[in-house]
There are 2 protein chains.
Amino acid sequence: MPSDARQKMIQSAVTLLATRGLEGTAFSDVLAHSGAPRGSIYHHFPDGKVQLVEEAVDFAGDAITAAINQLAGEGGDPVEAIHLFVNVMRHVLVSSDFRAGCPVVAVAAESSPDAGEQARLSRTTARVFKDWNAALAAAIESKGVAPKRAQSLATLMIASIEGAVVMCRAQRTTAPLDEVETELEALVAAIV
Amino acid sequence: MPSDARQKMIQSAVTLLATRGLEGTAFSDVLAHSGAPRGSIYHHFPDGKVQLVEEAVDFAGDAITAAINQLAGEGGDPVEAIHLFVNVMRHVLVSSDFRAGCPVVAVAAESSPDAGEQARLSRTTARVFKDWNAALAAAIESKGVAPKRAQSLATLMIASIEGAVVMCRAQRTTAPLDEVETELEALVAAIV
DNA sequence: GTCTATACGAAGATAGAC
DNA sequence: GTCTATCTTCGTATAGAC
């Protein structure tokens, strides 16, 4: 199955981007990690590295968006959404011994919004952030919070969790993420 | 004055790191941007790029730490510290037309805590985060908040502001930072 | 101190055979 | 579809002259 190798490359790219960053992840790394045949890169991704990274960011981002939307669809509390989001990140950090962080942030941090090819990547990460925001805001709104407030709370969640992941990786401890989770849960529980 | 060229290189490195990231910033870029003579790099920075980046991160980080400490020393409200921190970041974003973000996060996002030379950079960014945290926590504590709570609030501030900067850069709008500021100020004002 | 020239390695992309 | 070989570019670092 040809799409099998393709999907493997995307998943390997997610892992490697989260660990080594955009510039630090070479095509050959993705090939070695995924075991994909060398000659098939430009067959599956005609636009090269940018396309592969784009699809990797979408794949990782959409997984979280879908999880939040599912939770919200089941009438779940926004506090559970925080827990879900934080747990995903904590697992990535701990299971990699703090070598890996969030692939979306890694790409966003290394992409200038105006630099040629990277503009594409900037747009991709922007879309993921927007999707996360919409999903979280909807979950909060469904509990009776005004749209504007729900929006800013959702932004606070995403920003603080993503920022905490960066701090955790540098400090090699989950403490920042733990502290952010505690504060966010207390804040949201008091509002909804 | 020899230290003049040195300081110029450090300041140029701060700007370029914030704009193009760690791997995206070449030595030649720093030279071109600072106007420093080509042959003087390894004279001023014997350990090469790692040393230059290290000093640039320290320089940028210490400037913010000092500003917060000064504010706290004057008995300033923690809400003012939030305002100060956010304003610095907002100015960087807007004045660069969203090309530049936070240099500390840029380096932190691209440094693996275990990879050879980059371990040094990881330790440097970790120290900056810790300094920011201590300064903000002290300012909050001085208003009668329990140490542990002050600590987690400080972490929430740093994480959310830094995360918001990443989002702002990708989305080319200050909206995330504005929303985070509003939420943080309301939260802290209610506590102190 | 500052210069030029260069060694050395890495990575993206392409060409053409199988 | 997949392979190998190669082109081209680029960035760090060093060597040695001025």
Side-chain angles (χ1 to χ4, degrees), chain A residues 1-10 12-13 15-57 103 106-107 110-112 115-122 124, chain B residues 1-10 12-57 103 106-107 110-112 115-121 124:
Chain A
M1 201 186 292
S3 66
D4 194 48
R6 213 187 115 93
Q7 189 56 29
K8 265 191 174 176
M9 280 191 257
I10 292 175
S12 287
T15 302
L16 290 168
L17 287 170
T19 309
R20 309 186 200 178
L22 176 58
E23 300 274 329
T25 299
F27 251 161
S28 52
D29 297 333
V30 176
L31 290 170
H33 188 271
S34 65
R38 176 154 190 77
S40 61
I41 311 178
Y42 287 89
H43 172 71
H44 291 301
F45 304 95
D47 287 354
K49 185 174 177 174
V50 180
Q51 185 183 355
L52 172 60
V53 172
E54 208 167 22
E55 298 202 28
V57 170
V107 174
E110 289 186 65
S111 307
S112 284
E117 289 188 315
Q118 300 200 336
R120 252 176 93 173
L121 296 179
S122 228
T124 302
Chain B
M1 199 185 295
S3 66
D4 195 48
R6 213 189 115 92
Q7 189 56 29
K8 263 191 174 175
M9 280 191 256
I10 291 175
S12 287
V14 170
T15 302
L16 290 168
L17 286 170
T19 309
R20 309 186 200 177
L22 177 58
E23 300 273 328
T25 300
F27 249 157
S28 52
D29 297 333
V30 177
L31 290 170
H33 187 270
S34 66
R38 175 153 190 77
S40 62
I41 313 177
Y42 287 90
H43 173 70
H44 291 301
F45 304 95
D47 287 356
K49 184 174 177 177
V50 180
Q51 186 184 356
L52 172 60
V53 172
E54 208 167 21
E55 299 201 27
V57 170
V107 174
E110 289 187 65
S111 307
S112 284
E117 288 188 316
Q118 300 200 334
R120 252 175 93 172
L121 297 179
T124 302

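To find a chain, count down the sequence lines: A is the first, B the second, and so on, and within it residues start at 1. Atom set for the values below is all heavy atoms of this structure, side chains included, hydrogens, waters and symmetry mates excluded.
Atom pair Tyr42(B):OH and dG16(D):P shows a separation of 17 Å (rounding to whole Å applied). Taking atom NZ of residue Lys49(B) and atom P of nucleotide dC10(D), one finds them 15 Å apart after rounding to whole Å. In this entry the distance linking CG of Leu22(B) with C1' of dG11(D) reads 13 Å, nearest Å. Atom CZ of Arg20(A) is separated from atom P of dA10(C) by 13 Å (rounded to the nearest Å). If you take CZ of Arg38(A) and C1' of dC18(C), they are 17 Å apart, rounded to a whole angstrom. Rounded to whole Å, atom P of dG12(C) lies 8 Å from atom CD1 of Ile41(A). With rounding to whole Å, Lys8(A) atom NZ is found 13 Å from dT2(D) atom P.
Side-chain atoms of His44(A) lie closest to dT2(D) of the nucleotides dG12(C), dT2(D), dT2(C). Taking every side-chain heavy atom of Ser40(B) into account, dT2(C) is the closest of dT12(D), dT2(C), dA13(C). If you check dT2(D), dT4(C), dG11(D) against the side chain of Ser28(B), the one that comes closest is dG11(D). When each of dC3(C), dA13(D), dC3(D) is scored by its nearest atom to the side-chain atoms of Pro37(A), the top-ranked nucleotide is dC3(D). Counting only heavy atoms from C-beta on, His43(A) has its side chain closest to dG1(D) among dA13(D), dA13(C), dG1(D).
Put simply, CD on Gln7(B) and OG on Ser34(B) are 11.0 Å apart, with the number rounded to the nearest 0.5 Å. Rounding to the nearest 0.5 angstrom, the gap separating the CG atom in Leu22(B) from the CG atom in Leu17(B) is 6.5 Å.
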Does the pair Arg20(A) and Glu110(B) meet the rule for a salt bridge (Lys or Arg N to Asp or Glu O under 4.0 Å), with working shown?
CA-CA 7 Å; Arg20(A) 309 186 200 178; Glu110(B) 289 187 65; over 6 Å; no

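The residue among Pro46(A) and Gly24(A) whose nearest nucleotide of DNA chain C lies closer to the 5′ end is Gly24(A).
You'll find the ring centres of Phe27(A) and Tyr42(A) inside the 6.0 Å limit.
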